[in-house]
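Let me begin by presenting the structure, written as structure tokens, before commenting on it.
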Amino acid sequence: MIRKMQLPLQTLNLILGFMVWVIISSLMPFITEDIAIPPGKLAMVTAIPVVLGSILRIPLGYYANIFGARIVFLVSFILLLFPVYYISEASTMMDLIIGGLFLGIGGAVFSVGVTSLPKYYPKEKHGFVNGMYGIGNLGTAITTFSAPIVATQIGWAPTVKLYLILLLVFIVLNFLLGDRHEAKVKTPIMEQIKGVYKNEKLWFFSLFYFITFGSFVAFTVYLPNFLVSNFELTKVDAGMRTAGFIAIATFFRPIGGWLADRFQPLFLLVGTFSVYTVAAILLAFSPGITLYAVGCLAIAVCAGVGNGVIFKLVPFYFNKQAGIVNGIVSMMGGLGGFFPPILLSTIHAVTGHYSIGFMLLSQVALASLILVIWLYYQGTQSNE
């Protein structure tokens, strides 16, 4: 019974982790009414939680193998109580930066499930299982959609405090329902890193996830304020549209994993990066709200499918080092969400528009497309 509970439990854990991870960016339109933040620093403050959320994915993926998912989730949620309370009491930009940095723990828990859950299922289901776990991305949609609505009624600080209750509930759930007998792998971390860092596929998969998950996180962080400032939407409307982007990307993640279980995963990535390239070029021309929405929705679909496909590839090529490779690949994806908002705001400050930033995304997607095609034909030839 406990083993069957792990997929739904860990997926709910990820939903909560991601809900906490994006508190600041979701509530930023409200926070800036009370805390003065220079426009040039806005993107940095919202992107800060992504930093620790990316870097910690390597040790959390490793420790999920050593101690099991139950312990790692428990400790992570206990630690998150402190930054969530600190942010609810914030009165300066530095408070938001300090608290936001440690909110990153919420994003880092992603590597726990993708390391733990494949132990419970045969290889032919790994793509779908990791895709279903990836539904936890909905946590960002839930906060982006609901937090502004709640904050309109009770204020942003009490809204943040509500997350303390959720964290306490999940600490109890993991204590009671987490698998105490999960299979453990105790290879030293440096030995695992030495076993994979020379493998080119590790860095290719990291680049691919840098784009697919990175764009998901970047748009999640960047859209709420951008839609308010550029298209003059209301805060709640901007939150709902951003939540729609997140929901679509999340919905297509298990579909991507399911497709990768049945078709050649690299061939699926060819289609993904082809659409990425075209959609980013569309956004680069700064269209009106309708075409902008079309470009964003295309990127949401590609982000979801791509994320699902990549985490089918990782356990397939790195079965014995899945923990550390999941950590490295997912770290690169998180960092992919940190740099674009800062880059976009810098480009906007210099040029007055975002076109160059989106054109850069299209070129990186095109380079990835070429690499995927090369990997695909390399694999085809090696099988002949």
Side-chain angles (χ1 to χ4, degrees), residues 1-24 26-27 49 52-53 56-57 59-89 99-121 129-130 132-147 149-151 154 156-184 250 323 326 330:
M1 178 63 182
I2 289 292
R3 291 175 65 86
K4 291 180 179 179
M5 285 294 301
Q6 294 318 296
L7 179 56
L9 176 64
Q10 293 189 34
T11 301
L12 289 171
N13 286 341
L14 185 60
I15 288 175
L16 177 61
F18 274 34
M19 285 176 66
V20 173
W21 197 23
V22 297
I23 287 174
I24 292 178
S26 300
L27 291 173
L52 200 65
L56 275 182
R57 288 181 172 196
L60 287 194
Y62 171 72
Y63 286 122
N65 263 335
I66 299 291
F67 300 110
R70 175 177 176 270
I71 295 296
V72 180
F73 276 122
L74 263 175
V75 172
S76 297
F77 290 155
I78 290 170
L79 292 175
L80 277 170
L81 292 169
F82 299 97
V84 170
Y85 179 77
Y86 186 77
I87 288 167
S88 73
E89 297 291 321
L101 180 65
F102 291 98
L103 279 189
I105 297 169
V109 298
F110 172 80
S111 62
V112 179
V114 292
T115 299
S116 169
L117 290 172
K119 299 173 184 177
Y120 297 94
Y121 298 90
V129 168
N130 278 335
M132 289 300 295
Y133 173 69
I135 286 177
N137 288 354
L138 271 179
T140 54
I142 293 170
T143 288
T144 305
F145 172 75
S146 63
I149 295 174
V150 177
I154 66 173
W156 67 267
T159 300
V160 174
K161 282 189 169 71
L162 292 176
Y163 286 81
L164 295 172
I165 299 171
L166 287 172
L167 286 167
L168 289 170
V169 169
F170 272 79
I171 288 169
V172 173
L173 283 177
N174 279 278
F175 179 79
L176 296 176
L177 301 177
D179 185 3
R180 300 167 190 264
H181 305 292
E182 178 182 330
K184 311 294 195 302
T250 302
N326 281 326
S330 58

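Aromatic ring pairs are classed by plane angle as parallel below 30°, tilted from 30° to 60° and perpendicular above 60°; the pair F18 and W21 is tilted.
For the residue pair S111 and S330, the shortest heavy atom distance occurs at CB-OG, 3.7 Å. Of all heavy-atom pairs between A108 and L56, the closest is CB-CB, 3.5 Å. Residues L27 and A151 approach most closely at CD2-CB, 3.7 Å, considering heavy atoms. Heavy-atom minimum distance, L103 versus L80: O-CD2, 3.9 Å. Closest approach of I87 and W156 over heavy atoms only: O-CZ3, 3.4 Å. Of all the heavy atoms in I15 and I135, the pair that sits closest is CG1-O, 4.2 Å.
The CD1 atom of I142 lies 11.0 Å from the OG atom of S26; values are rounded to the nearest 0.5 Å. With rounding to the nearest 0.5 angstrom, the OH atom of Y133 is 10.0 Å from the CG atom of L7. Note that CD1 of I78 is 11.0 Å distant from CD1 of I105, once rounded to the nearest 0.5 Å. Annotation: the span from T144 atom OG1 to I23 atom CD1 amounts to 11.0 Å, rounded to 0.5 Å. Once rounded to the nearest 0.5 Å, the distance linking CZ of F67 with CZ of F73 reads 15.5 Å. To the nearest 0.5 angstrom, L117 atom CG is 7.0 Å from N130 atom CG.
The number of heavy atoms from other shown groups lying within 6.0 Å of OH (Y121) is above 12.
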Which atom pairs, donor and acceptor, lie under 3.5 Å between side-chain atoms of residues 164-179 and protein residues at least two apart or in another chain?
from: N174; atom 1: OD1; to: N13; atom 2: ND2; distance (Å): 2.8
from: N174; atom 1: ND2; to: N13; atom 2: OD1; distance (Å): 2.9
from: N174; atom 1: ND2; to: F170; atom 2: O; distance (Å): 2.8
from: D179; atom 1: OD1; to: H181; atom 2: N; distance (Å): 2.9
from: D179; atom 1: OD2; to: Y120; atom 2: OH; distance (Å): 2.6

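Within the structure, salt bridge (Lys or Arg N to Asp or Glu O under 4.0 Å) pairs that include any residue of residues 160-171 comprise E89-K161 (at least two apart or interchain). Residue pairs meeting the salt bridge (Lys or Arg N to Asp or Glu O under 4.0 Å) criterion with at least one member in residues 102-121, sequence neighbours excluded, are K119-E182.
Checked by atom type and distance alone, the side chain of R57 pairs as donor or acceptor with a backbone atom of G107 at under 3.5 Å. Although no hydrogens or angles enter the test, the distance criterion places no donor-acceptor pair under 3.5 Å between the side chain of Y163 and the main chain of L16.
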Set out, in order, the CA-CA distance, both residues' side-chain angles and the distance that settles side chain to side chain donor-acceptor pair (under 3.5 Å) for Q10 and S116, then state yes or no.
CA-CA 9 Å; Q10 293 189 34; S116 169; 3.2 Å; yes
